[in-house]
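Shown next, in C-alpha coordinates, is the structure this report addresses.
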Amino acid sequence: MKIHLAPAAAGFALLAGIGVAAADQVIVTPEQQTIIREHVKKNPLASVSLLGVELNVGSALPDTVELQPIPDVQYRYVVVDNRTVLVDPGTRRVVQVID
(Lines give C-alpha, C1' and ligand atoms only; values in the text may rest on other atoms or scores of the structure.)
Protein backbone atom coordinates (compact mmCIF):
# COMPACT_ATOMS: atom_id res chain seq x y z
CA MET A 1 0.00 0.00 0.00
CA LYS A 2 2.83 2.42 0.82
CA ILE A 3 4.34 1.81 -2.61
CA HIS A 4 1.22 3.20 -4.29
CA LEU A 5 0.98 6.25 -2.04
CA ALA A 6 4.47 7.56 -2.75
CA PRO A 7 3.92 8.09 -6.51
CA ALA A 8 0.49 9.56 -5.82
CA ALA A 9 1.94 11.98 -3.27
CA ALA A 10 4.67 12.97 -5.72
CA GLY A 11 2.04 13.58 -8.39
CA PHE A 12 0.01 15.82 -6.08
CA ALA A 13 3.13 17.75 -5.10
CA LEU A 14 3.94 18.29 -8.77
CA LEU A 15 0.42 19.50 -9.52
CA ALA A 16 0.51 21.81 -6.50
CA GLY A 17 3.75 23.30 -7.80
CA ILE A 18 2.17 23.93 -11.19
CA GLY A 19 -0.75 25.65 -9.47
CA VAL A 20 1.57 27.91 -7.50
CA ALA A 21 3.54 28.81 -10.63
CA ALA A 22 0.34 29.70 -12.46
CA ALA A 23 -0.81 31.84 -9.54
CA ASP A 24 2.42 33.89 -9.78
CA GLN A 25 1.72 34.76 -13.40
CA VAL A 26 0.66 38.40 -13.78
CA ILE A 27 -2.10 39.22 -16.21
CA VAL A 28 -2.18 42.73 -17.63
CA THR A 29 -5.71 43.51 -18.76
CA PRO A 30 -6.38 44.94 -22.24
CA GLU A 31 -7.45 48.21 -20.62
CA GLN A 32 -4.17 48.41 -18.70
CA GLN A 33 -2.21 47.60 -21.88
CA THR A 34 -3.88 50.51 -23.67
CA ILE A 35 -3.12 52.90 -20.80
CA ILE A 36 0.48 51.68 -20.64
CA ARG A 37 1.12 51.99 -24.39
CA GLU A 38 -0.39 55.50 -24.55
CA HIS A 39 1.56 56.66 -21.50
CA VAL A 40 4.86 55.24 -22.75
CA LYS A 41 4.34 56.85 -26.17
CA LYS A 42 3.60 60.26 -24.59
CA ASN A 43 6.41 59.97 -22.00
CA PRO A 44 9.41 58.39 -23.69
CA LEU A 45 12.41 57.52 -21.52
CA ALA A 46 16.08 57.25 -22.34
CA SER A 47 17.16 53.63 -22.58
CA VAL A 48 19.43 52.22 -19.89
CA SER A 49 21.81 49.30 -20.26
CA LEU A 50 22.00 46.64 -17.56
CA LEU A 51 24.97 44.33 -17.84
CA GLY A 52 24.33 40.84 -16.53
CA VAL A 53 20.55 41.26 -16.25
CA GLU A 54 18.36 39.19 -18.55
CA LEU A 55 15.06 40.77 -19.50
CA ASN A 56 12.74 37.89 -18.78
CA VAL A 57 9.41 37.89 -16.98
CA GLY A 58 10.27 37.30 -13.34
CA SER A 59 13.79 38.75 -13.50
CA ALA A 60 14.54 41.31 -10.79
CA LEU A 61 15.88 44.74 -11.65
CA PRO A 62 18.53 46.31 -9.40
CA ASP A 63 17.62 49.12 -7.01
CA THR A 64 19.74 51.51 -9.08
CA VAL A 65 17.17 51.44 -11.90
CA GLU A 66 14.64 54.26 -11.55
CA LEU A 67 11.10 53.07 -12.23
CA GLN A 68 8.56 55.51 -13.64
CA PRO A 69 4.88 55.50 -12.59
CA ILE A 70 1.96 54.95 -14.94
CA PRO A 71 -1.35 56.61 -14.00
CA ASP A 72 -4.14 54.19 -13.05
CA VAL A 73 -1.83 51.14 -13.28
CA GLN A 74 -0.14 49.45 -10.33
CA TYR A 75 3.04 48.76 -12.29
CA ARG A 76 5.98 50.99 -13.18
CA TYR A 77 8.09 51.07 -16.33
CA VAL A 78 11.62 51.62 -17.54
CA VAL A 79 13.31 51.31 -20.92
CA VAL A 80 16.16 48.79 -20.94
CA ASP A 81 18.16 48.15 -24.11
CA ASN A 82 15.46 50.00 -26.12
CA ARG A 83 12.72 47.71 -24.78
CA THR A 84 9.95 48.97 -22.51
CA VAL A 85 9.80 46.87 -19.37
CA LEU A 86 6.79 46.72 -17.05
CA VAL A 87 7.85 46.13 -13.44
CA ASP A 88 6.12 45.33 -10.15
CA PRO A 89 7.38 48.13 -7.87
CA GLY A 90 7.07 46.01 -4.71
CA THR A 91 9.29 43.18 -5.90
CA ARG A 92 11.10 44.99 -8.76
CA ARG A 93 10.39 41.89 -10.88
CA VAL A 94 9.68 42.17 -14.59
CA VAL A 95 6.00 41.62 -15.33
CA GLN A 96 6.06 42.14 -19.09
CA VAL A 97 8.52 43.18 -21.79
CA ILE A 98 6.92 45.34 -24.47
CA ASP A 99 8.75 45.41 -27.81
Side-chain angles (χ1 to χ4, degrees):
M1 184 75 150
K2 288 184 182 179
I3 295 172
H4 296 290
L5 292 179
F12 285 127
L14 179 62
L15 290 175
I18 291 169
V20 170
D24 288 344
Q25 185 179 16
V26 175
I27 298 172
V28 180
T29 67
E31 294 83 13
Q32 288 176 323
Q33 288 180 7
T34 300
I35 291 169
I36 292 164
R37 289 184 194 283
E38 288 177 3
H39 183 77
V40 168
K41 186 184 269 187
K42 290 178 184 176
N43 301 281
L45 297 176
S47 182
V48 298
S49 181
L50 298 176
L51 297 175
V53 176
E54 292 187 35
L55 286 183
N56 297 319
V57 172
S59 297
L61 297 183
D63 292 338
T64 56
V65 176
E66 186 176 344
L67 305 176
Q68 300 299 316
I70 304 169
D72 302 320
V73 178
Q74 68 190 40
Y75 306 111
R76 309 250 190 259
Y77 79 105
V78 64
V79 178
V80 179
D81 297 329
N82 297 314
R83 298 169 73 192
T84 302
V85 181
L86 199 58
V87 180
D88 180 330
T91 63
R92 300 192 63 84
R93 298 218 176 262
V94 174
V95 173
Q96 185 176 24
V97 179
I98 304 168
D99 290 318

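Remember, predicted model here, so these are calculated numbers, not experimental data.
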Self-check item: Gln68 vs Asn43 side-chain heavy atoms within contact, under 4.5 Å
Solution: no
Quiz prompt | Shared hydrophobic cluster for Val57 and Leu61 (ILVMFWY, side-chain gaps under 4.5 Å) | solution = no
Quiz prompt | Shortest non-hydrogen separation from Asp88 to Val95 and the atoms involved | solution = N-CG2, 3.6 Å
Practice problem: Mind listing the closest non-hydrogen atom pair of Pro69 and Arg76 along with its distance? | Solution: CB-NH1, 3.3 Å
Quiz item: Hey, quick one: are Val28 and Val87 part of the same hydrophobic cluster, counting side-chain heavy atoms closer than 4.5 Å, chains of contacts allowed?
Solution: no
Practice problem: Answer with yes or no whether the hydrophobic clustering places Tyr77 together with Val97; edges join I, L, V, M, F, W, Y residues whose side-chain heavy atoms lie under 4.5 Å apart. | Solution: no
Self-check item: Joint cluster assignment, Val48 & Val94, ILVMFWY side-chain distance < 4.5 Å
Solution: yes
Quiz item: Can you check whether Pro62's main-chain N or O pairs, donor with acceptor, with Arg92's side chain at less than 3.5 Å?
Solution: yes
Quiz item: Is a side-chain donor or acceptor of Asp81 paired with a backbone partner of Arg83 at a separation under 3.5 angstrom?
Solution: no
Quiz item: Considering only heavy atoms from C-beta outward, does the side chain of Val53 approach that of Val65 to under 4.5 Å?
Solution: no
Quiz item: With hydrophobic residues grouped by side-chain heavy-atom distances under 4.5 Å, do Tyr75 and Val40 end up in a single group?
Solution: yes
Quiz item: So does Asp72 have more than 12 non-hydrogen atoms from other groups sitting under 6.0 Å from CG?
Solution: no
Exercise. For Ile98, check side chain to side chain contact (heavy atoms under 4.5 Å, CB included) against everything at least two apart and list the hits.
Key: Ile36, Arg37, Thr84, Gln96
